[in-house]
Structures are given as structure tokens and as C-alpha cells.
Amino acid sequence: MDLSTARAVCLVALSAKSVARLSSLTASGVRPSPSLTFFCLNLNLSDCPPLGLESLKVSDDQLESSSYLSVGLGPHRGRLNIQSGLEDDDEYDGAWCAGVEDQEQWLQLNALRPTLFTGVILQGRNSIWRSVLNWVRTYEVQFSNDSSVWQPCMNGSEEAVFVGNEDLETPVLALFPEPSVAQYIRINPQTWFSNGTICLRAEVLGCPVPDPDNPHFSETESGSSDDLDFRHHNYNEMRKLMKSVNDECPNITRIYTIGKSYTGLKLYVMEISDNPGKHELGEPEFRYVAGMHGNEVLGRELLLNLMQYICREYNRGNQRVIQLVKDTRIHLLPSMNPDGYEAAYEKGSELSGWALGRYSFEGIDMNHNFPDLNNIMWDAQEMAMDKRRVSNHYIPMPEYYTSTEALVAPETRAVISWMQDIPFVLSANLHGGELVVTYPFDCTRDWIPRQDTPTADNDFFRWLATVYASANLVMANPERRICHSEDFQQHNNIINGADWHTVPGSECHVMIMKVSCQSYAHPFK
């Protein structure tokens, strides 16, 4: 079946959901496959997910453009939420930008197979320079089956013109009045910010159409065979899931809270141990924390799934899991910033952008909100006659930080109290927005922008980072594309935190696993 036939079948089915009208098409010589007919009649347009410009499911080879301003502003950079590099004119800039300013410029996606295109999400150019103001204000869309003959997206009898952006970062969704089946789609800017040029980042929404003759067709997407509840969970759903795990494994789990968010949402922790609620002499205390940035959602879901997995495997008699539960007291905090998560969840994955929900309700970045104990230690070492006598394992918090006037989020204070109550021997934070494992220290001496700044346990931390990075199949894939602008594969996907960028006020001696190129991944991913 050719693409024009597929488009006709889907448009009729979507406009009327009528078997009779499909039958009339068949009588007139159009013979859709049963799988396509079923697909169109049962399709809800809101179910069509992003095709994967942001998630990198769409490869660079699938993106083309009419022109580009520089290599670093080529079509491969026209991806929703992509972040620019730190250098001028490098190959990792923050958008696709046309090399010519006229209404004939376009960014093109080859979906590789017949696809029902339903919408586009647009963003302006990301840049570390505030003077760079580039975004598209209006645009048109065209479709093609062969990349030679193009048909415009229509709004009734007129060619549809879509409203784009009015700033750099806010994603703007446009749903097509008439969804179209095609293999290629073009975004064709018509107007742009008067003091800027044609630049955009985009995501395309669409549903692949069943087509057994297409080499890229498969009936089902591969996925996990584990019976786990892998989806986005808002605050209430998260509580229900944690309660269900506790009900299923009451002998090895306990739910407790360490405090509340600014808006009053409880910070729930799941403890997993053969003696819940008890610290046992010689048994290590371990904690995972996720959701410090509320819109970095994959870590939250991984911890919720980890609770389910450990519970079920323990009940099934998995000896490795049983030994882990007996020998370790595990604490899982899936959402350190529930206020931020709820803000991003309400807006949705693609429309929350890079920053919505990242910070606390008060606008605090909790990754910079802990006391800067590194510089206190280094200053003491500089002044000491015998540097070996300077404590490097317990440093009192400075008075300015403990003051009630200090700008410290209640969530941060709760985590600090938690660390003071329980003698954790190892901790890790799950983040999003990149694929890399960082190890301490996160802050450089003398405020240098970036420099390898190791701890006394550097070999151990590097080993831990390597174990995780090599076991994470996505991170370790040598064929994967870099997420934004840093090629961490040259470092085996691990790096000293301070050698990436200095972060004063981060948690001391904590591993950070950045587990997804996206912050808020779409639930289909």
C-alpha cells in the first residue's frame, strides 16, 4: 500500500471513525490493510508520542535543512531542549539556525516509515550568551512521501500557519488541524524575532503506521519483560506504589518520612532491610536519592521500580537479592523535590522545558544548596602547621548556614538531618539531562571553573563510577550519540565532578549518576 492510500484511509477514519466510509473507500478501489484500518479506527491523537528528536531516537542522519549558519548550528542540533556548549562557534551549539534569512528555509525529518504526523513542538535557540535572541514566531509545515513532491498542512481550504515562540526556552505545541500520513515532514519558518535570525529546536509528534512492507516496520517495540509498574507516577501514585510494596513485603520494608517540602508534601523514604527500623552494628547503611531536580524524572521511576524488584525477587527466593537485604540496610528517597516534580508533571514532558520543576517551589537549586564544606576544609589546611591534623571527615556546618535567615530549602535541611541521624557509608544521587557518572569532589579549589579535584578516596570512587557506567547499557554503548555538548565516552563515561564544572554547595562524598539525556522523558520512552 502506498503512502497516499494510507493518508486517505487515516483521514477518513479519523474524521468519522466510520466503518461504512472505509467500506466505500474499499469499493472505490482503495484497499487498506486490516492492520491500518484497525490502527486508524482505534487511534486517539493524544496517544501519538514524540518521534524522538529530543530523546535521540531520531538519528542525525534523519535530519536535513535547507541551509545552516555553521556546523554547530546544523540540522542535527535542531532538537527540543538541546543545550549549547560553552565555546563560541564549536560543533555543539543550541539549535538549528538557517544560513539564509528568507521564507524558503526548512528543517526536515525523515521518519523512515509511513507516519501519522499530528503536531510539532518548537523552542528558540539555547545559548550561554544572553544577547543571543533567536526564535521563530510563525511557521508552516509540509509533508512528502519521497522528499521531492511536498503538500502543505491545511486548515480547511487554506495553508495552515502555526504560532511559534516568543522567548528562547518555552516550548510551544501546535497540533495539526488535519493530521497527515507521510514519511517526511518539513518545518518552514515564516517570521522570526526581528532582532534575531531563523533558529529553532523542535520535536515532532506522530504515530508510526503499520506497514509490513516497510523494512523499518515491527509489530511491537522491544521492552522489559519485568512485571514492574514503569510509568510516570505523580505524588499520590508514588505513595500508593510505595504502600503496595510495603504490603507485599512487610517483613523487609518500612516507609518513613524525613520532612516536608515547602508546600507540605512529605519526603517519603522506603527502607529495605531484614530488620526494618533497626541499625545493626557492622551492617552498612546505603541511600539512593532521586528527584533533587524535580523535573529529572527517570531516577524517581528507577527507585520506585527498584523497590518493586527487590520485594518480588526476595519473595521468589532470588539468593543474590536475599543476601543484599540481609547484609545491607537500604534507604530509597525517590523524590527529594516533590513540589518541582508536580509542576513539571502538570505541564507534561515535552512542554515542561528544561527548567520547569528543576528548582524548589522557592526557586532554589538544591544541588547548590548544601553548606560549602570543601572550602572550609581547604582553608583550614592552608592555615594549619600540620595539615594531617585537619579533619576531613566531619566538619561542622558554618554559622551563616544554620541561621534561620539562610536561604536553605526545607527539603535540603531535611536531607541534612537525615544524614546526621543515620551513619550512611555510601550515597548516590540519580539525575537526568546527561549520561555520565560523576564522583567527588564537585567543587574546585580557588574557584577555578573546572579542574580535577580528587578526594583521599579517589581510587575507590573512580572504581565505583566505572562499575556503574560499564553496567548501564545505554551509557556504555560505544555507538551512542552525545547528549548535548560533552563527549564523556572519551572518559569512559565517568568524570570528577569538579573537572566537569565546579558546583559549590553540592552534597559531599556523593556519587551522581546522570541516567538520561532528557530531563523529563516522555512516558513512551
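Just the heavy atoms: all of them, side chains too, but no hydrogens, waters or symmetry mates, feed the values below.
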| message | Assess the residue pair Glu64 and Asn110 against the criterion (side chain to side chain donor-acceptor pair (under 3.5 Å)); give the C-alpha distance rounded to whole Å, side-chain angles, the decisive distance to 0.1 Å, and a yes or no. | response | CA-CA 8 Å; Glu64 295 183 40; Asn110 177 3; over 6 Å; no
| Does CZ belonging to Arg450 count more than 12 external heavy atoms closer than 6.0 Å? | yes
| Taking every non-hydrogen atom, the tightest pair across Gly124 and Trp135 | CA-CB, 3.8 Å
| message | With a 6.0 Å cut-off (strictly less than), is the heavy-atom count around OH of Tyr314, excluding the residue itself, greater than 12? | response | yes
| Less than 6.0 Å separating the ring centroids of His293 and Trp354? | no
| task | Please assess Thr253 against Asn246 for the test side chain to side chain donor-acceptor pair (under 3.5 Å), listing each intermediate value before the final yes or no. | result | CA-CA 6 Å; Thr253 63; Asn246 182 237; 2.9 Å; yes
| query | If you take all heavy atoms of Gly353 and Gln123, which pair is closest and at what distance? | reply | CA-NE2, 4.4 Å
| Strictly by modelled atom types, are His331 and Glu271 linked by a side-chain donor-acceptor pair under 3.5 Å? | no
| If you measure from CZ on Arg201 to CG on Asn165, what distance do you get to the nearest 0.5 Å? | 9.0 Å
| message | Checking side-chain polar atoms at under 3.5 Å, does Asn458 have a donor or acceptor matched by the opposite partner on Thr455? | response | no
| All side-chain hydrogen bond (donor to acceptor under 3.5 Å, both in side chains) counterparts of Lys243, not counting sequence neighbours | Asp247
| message | Quiz question: by atom type and distance under 3.5 Å, do the side chains of Asn81 and Glu54 form a donor-acceptor pair? | response | yes
| message | Hydrogens and angles aside, do Ser144 and Asp146 bring a side-chain donor and acceptor to less than 3.5 Å of each other? | response | yes
| message | When you measure from the centre of the six-membered ring of Tyr92, is the NZ or CZ of Arg77 closer than 6.0 Å and no more than 45° off the axis? | response | no
| task | Fit a plane to each ring of Trp500 and Phe488, take the angle between them on a 0 to 90° scale, and name the class: parallel (under 30°), tilted (30 to 60°) or perpendicular (over 60°). | result | perpendicular
| message | Could you check, using the six-membered ring where one of them is a Trp, whether Tyr345 and His233 have ring centers closer than 6.0 angstrom? | response | no
| Residue list, side-chain contact (heavy atoms from CB on, under 4.5 Å) with Val425, at least two apart or on another chain | Pro284
| request: Could you check if a side-chain atom of Ile255 sits within less than 4.5 angstrom of a side-chain atom of Met307, using non-hydrogen atoms only? | output: no
| Yes or no on ring-ring contact (aromatic ring centres under 6.0 Å, His included) for Tyr439 and Phe441, after CA distance, side-chain angles and deciding distance? | CA-CA 6 Å; Tyr439 53 91; Phe441 287 120; over 10 Å; no
| said: Does any part of the side chain of Ile187, heavy atoms only, come nearer than 4.5 Å to the side chain of Leu200, both counted from C-beta? | reply: yes
| said: Minimum heavy-atom separation for Leu356 and Asn295, please, with both atom names. | reply: O-CB, 3.2 Å
| message | Before you tell me yes or no, could you show the steps for Asn134 and Thr197 under side chain to side chain donor-acceptor pair (under 3.5 Å), namely the whole-Å CA-CA distance, both residues' side-chain angles and the distance that decides it to 0.1 Å? | response | CA-CA 5 Å; Asn134 299 323; Thr197 190; 5.7 Å; no
| task | Would you confirm whether Ser516, through its side chain, and Gly433, through its main-chain N or O, come within 3.5 Å as a donor-acceptor pair? | result | no
| remark: Ala98 meets the side-chain contact (heavy atoms from CB on, under 4.5 Å) criterion, sequence neighbours left out, with Ser67, Trp96, Gln105, Ile198
| Side chains of Val204 and Pro50: does their closest heavy-atom pair fall under 4.5 Å? | no
| message | If you compare all heavy atoms of Asp452 against all heavy atoms of Asp499, which two are closest, and at what distance to 0.1 Å? | response | N-OD1, 3.4 Å
| task | Please name the pair of heavy atoms, one in Ala465 and one in Val437, separated by the smallest distance, quoted to 0.1 Å. | result | CB-CG1, 3.6 Å
| query | What are the two closest heavy atoms between Arg462 and Ile494, and how far apart are they? | reply | O-CD1, 4.0 Å
| field | Flag side-chain contact, heavy atom, 4.5 Å: Tyr468 against Val515 | value | yes
| Of Asn367, Asn369, Asn337, the residue whose pairing with Thr412 passes side-chain contact (heavy atoms from CB on, under 4.5 Å) | Asn369
| field | Evaluation steps, salt bridge (Lys or Arg N to Asp or Glu O under 4.0 Å), between Asp487 and Arg481 | value | CA-CA 9 Å; Asp487 183 7; Arg481 183 193 186 281; over 6 Å; no
| query | Is any side-chain heavy atom of Ile185 less than 4.5 Å from a side-chain heavy atom of Gln142? | reply | no
| task | Could you walk me through whether Arg329 and Glu283 pass the salt bridge (Lys or Arg N to Asp or Glu O under 4.0 Å) test, one step at a time? | result | CA-CA 7 Å; Arg329 190 178 179 210; Glu283 183 170 283; over 6 Å; no
| Hey, is CD on Glu237 packed in by over 12 heavy atoms from elsewhere, all under 6.0 Å? | yes
| said: Tell me if the aromatic rings of Tyr184 and Phe117 count as close, with their centers under 6.0 Å from one another. | reply: no
| request: Side-chain contact test, heavy atoms from C-beta onward, threshold under 4.5 Å: evaluate it for Leu464 versus Leu426 and give yes or no. | output: yes
